[in-house]
Number of protein chains: 2
Amino acid sequence: MNISAAAERSGVPPKTIRYYENIGLVRPQREANGYRVFRESDVHKLTFLGRARALGFGIEDCRALLALWEDEARASAEVKRIAADHLAEIDAKIADLRDMRETLADLVDHCRGDDRPDCPILKSLQA
Amino acid sequence: MNISAAAERSGVPPKTIRYYENIGLVRPQREANGYRVFRESDVHKLTFLGRARALGFGIEDCRALLALWEDEARASAEVKRIAADHLAEIDAKIADLRDMRETLADLVDHCRGDDRPDCPILKSLQA
DNA sequence: GATGGGGGTTCCAGTAGCTGGAAGGTCAAG
DNA sequence: CTTGACCTTCCAGCTACTGGAACCCCCATC
């Protein structure tokens, strides 16, 4: 299977697949002409990576998860720890964004948004 | 005022101040020895930038907001538009994160996290 | 006058995770 | 034989800094 087929089947774009190979997340074989050849197992890995990334896991987390996935003797505790840590980070981000959102929404609400210069948004940034 | 004093008073670190000068957000004067000299107005600008960044505005938004702030003849509608757009982006990010969070929390909840290999988190990434 | 320390300066590289684009090789069809 | 759709590598750029190296400046002290 060529890279574009693997991309289509895994949902991971060709550019990204090459990048993943670059950083050692996948190791497709090569044909005599230099083209990458993807086996089913490569496509499965890519799909796995795509899902993990969609859940917001960083690349190094993905690397670790992939290794655990391939390790039949893994302890699920390790997986859970990685996921729980990530969940905590997401919660922190959400909290930050909510704070921003609240402040910003207040400011937007109180700005008339007409052609006059008076603006509580700017005032708040200034004060 | 030297850069470290300006940093302390504005809350923006020296490195970041230099970066902001680099991209044209502030233009401190220079002494004969090459040291930057910050006036009150520079400190005000930096403080403004610090607050805008803390609300999550991107650098280019900051540039625009700064220009509007300095323009006595601005229309508050412009400011409001920038802020409202940014608010929408924040809302979108929060929504994305919440989706992730929900899925992830479910997975974490259902993983026993012991020393056995069976793991619904990995199963979900695989399937 | 030398020295030491705490400022300041510039410039380069790296961070995360791709993505766009250039320059060029390969292959099947017409 | 050429066209067009693939594929390859490599380099640059994105966001907003941040760390670090190498070097300059100024003041106080010995």
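Values below: every heavy atom of this structure, side chains too, minus hydrogens, waters and symmetry copies.
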Where do N or O atoms of nucleotides 13-16 of chain C meet protein N or O atoms at under 3.5 Å, pair by pair?
none

Separation of [Y] [atom2] from [X] [atom1] (nearest 0.5 Å):
{"X": "Leu68(A)", "Y": "Ser76(A)", "atom1": "CG", "atom2": "OG", "answer": "10.0 Å"}
{"X": "Ile94(B)", "Y": "Leu87(B)", "atom1": "CD1", "atom2": "CG", "answer": "8.5 Å"}
{"X": "Ile82(B)", "Y": "Lys80(B)", "atom1": "CD1", "atom2": "NZ", "answer": "13.5 Å"}
{"X": "Leu49(A)", "Y": "Ile59(A)", "atom1": "CG", "atom2": "CD1", "answer": "7.0 Å"}
{"X": "Leu107(B)", "Y": "Ser124(B)", "atom1": "CG", "atom2": "OG", "answer": "4.5 Å"}
{"X": "Ser10(A)", "Y": "Ile17(A)", "atom1": "OG", "atom2": "CD1", "answer": "4.5 Å"}

Tell me which residues in residues 83-102 of chain B put a heavy atom below 4.0 Å from DNA chain D, sorted by number, or none.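 Within residues 83-102 of chain B, no residue comes under 4.0 Å of DNA chain D.
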
Non-neighbouring partners of Ala83(B) that pass side-chain contact (heavy atoms from CB on, under 4.5 Å), sequence neighbours left out: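 Only Leu104(A), Val108(A), Ile121(A), Phe57(B) meet the side-chain contact (heavy atoms from CB on, under 4.5 Å) criterion with Ala83(B).
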
With a 4.5 Å heavy-atom cut-off, do Thr47(B) and Arg51(B) have their side chains touching?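 Result yes, sub-4.5 Å side-chain heavy-atom pair found.
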
Side chain proximity check, Arg36(B) to Met1(B), heavy atoms < 4.5 angstrom: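 Of all side-chain heavy-atom pairs linking Met1(B) with Arg36(B), none is under 4.5 Å.
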
Gap between atoms [atom1] and [atom2], on [X] and [N] respectively (whole Å):
{"X": "Glu8(B)", "N": "dG7(C)", "atom1": "CD", "atom2": "P", "result": "11 Å"}
{"X": "Met1(A)", "N": "dC6(D)", "atom1": "CE", "atom2": "P", "result": "16 Å"}
{"X": "Glu21(B)", "N": "dA16(D)", "atom1": "CD", "atom2": "P", "result": "19 Å"}
{"X": "Glu60(B)", "N": "dT15(D)", "atom1": "CD", "atom2": "P", "result": "8 Å"}
{"X": "Leu49(B)", "N": "dA16(D)", "atom1": "CG", "atom2": "P", "result": "12 Å"}
{"X": "Ile23(B)", "N": "dA16(D)", "atom1": "CD1", "atom2": "P", "result": "8 Å"}

Should [X] be listed as having a side-chain N or O under 4.0 Å from OP1 or OP2 of [N]?
{"X": "Arg36(B)", "N": "dG7(C)", "answer": "no"}
{"X": "Thr16(A)", "N": "dT19(C)", "answer": "yes"}
{"X": "Tyr20(A)", "N": "dC18(C)", "answer": "yes"}

Global bending angle along the helix from dG1(C)-dC30(D) to dG30(C)-dC1(D), which compares the axes of five pairs at either end, to 10 degrees: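 The value is 40°.
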
Counting any heavy atom closer than 4.0 Å, what does Arg18(B) reach on the DNA or RNA strands: base, sugar-phosphate only, or nothing?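 Arg18(B): base contact, heavy atoms under 4.0 Å.
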
Please classify the nucleic acid contact of Ile3(B) as base, sugar-phosphate, or nothing, using heavy-atom distances under 4.0 Å.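 Touches sugar-phosphate only.
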
For residues 24-32 of chain B, run the donor-acceptor check on the side chains, cut-off 3.5 Å, and write out each pair with its distance to 0.1 Å, sequence neighbours left out.
from: Arg30(B); atom 1: NH1; to: Gly34(B); atom 2: O; distance (Å): 2.9
from: Arg30(B); atom 1: NH2; to: Glu21(B); atom 2: OE1; distance (Å): 3.2
from: Arg30(B); atom 1: NH2; to: Glu21(B); atom 2: OE2; distance (Å): 3.3

Scan residues 116-127 of chain B for pairs that pass salt bridge (charged side-chain N to carboxylate O under 4.0 Å, His left out), counting only residues two or more places apart or in two chains.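 Only Arg112(B)-Asp118(B), Asp114(B)-Arg116(B), Asp118(B)-Lys123(B) qualify under salt bridge (charged side-chain N to carboxylate O under 4.0 Å, His left out).
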
Filter on salt bridge (charged side-chain N to carboxylate O under 4.0 Å, His left out), then keep only pairs touching residues 4-13 of chain A, sequence neighbours left out; what's left?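 Those involving residues 4-13 of chain A are Arg9(A)-Glu40(A).
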
Residues of residues 27-35 of chain A with any non-hydrogen atom less than 4.0 angstrom from an atom of DNA chain C: list those, numerically ordered, please.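 Going residue by residue through residues 27-35 of chain A, the ones with a heavy atom under 4.0 Å of DNA chain C turn out to be Asn33(A), Tyr35(A).
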
With Phe48(A), which residues qualify under ring-ring contact (aromatic ring centres under 6.0 Å, His included), at least two apart?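 Phe48(A) satisfies ring-ring contact (aromatic ring centres under 6.0 Å, His included) with Trp69(A) only.
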
Show, in sequence, the C-alpha distance, side-chain angles and deciding distance for Leu125(B) and Leu55(A), and conclude whether the side chain to side chain contact (heavy atoms under 4.5 Å, CB included) test is met. CA-CA 9 Å; Leu125(B) 289 171; Leu55(A) 285 179; 4.0 Å; yes

Considering only nitrogen or oxygen atoms on both sides, find all protein atoms under 3.5 Å from nucleotides 20-22 of chain C and state each distance.
from: dG20(C); atom 1: N7; to: Lys15(A); atom 2: NZ; distance (Å): 3.1
from: dG20(C); atom 1: O6; to: Lys15(A); atom 2: NZ; distance (Å): 3.1
from: dG21(C); atom 1: O6; to: Lys15(A); atom 2: NZ; distance (Å): 2.2

Would you list the pairs meeting ring pair (Phe, Tyr, Trp, His ring centres under 6.0 Å) in which at least one residue belongs to residues 98-127 of chain A, sequence neighbours left out?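 Residue pairs passing ring pair (Phe, Tyr, Trp, His ring centres under 6.0 Å), neighbours aside: none found.
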
Restricting to salt bridge (charged side-chain N to carboxylate O under 4.0 Å, His left out), what partner residues turn up for Arg81(B), sequence neighbours left out?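 Arg81(B) satisfies salt bridge (charged side-chain N to carboxylate O under 4.0 Å, His left out) with Glu78(B), Asp85(B) only.
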
Taking only Lys NZ, Arg NE, NH1 and NH2, and the carboxylate oxygens of Asp or Glu, determine whether Asp42(A) and Lys45(A) approach each other closer than 4.0 Å.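 No, no charged N to carboxylate O under 4.0 Å.
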
Among dC17(D), dG8(C), dC6(D), the one nearest Ser4(B) by side-chain distance: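 For the Ser4(B) side chain, the nearest candidate turns out to be dG8(C).
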
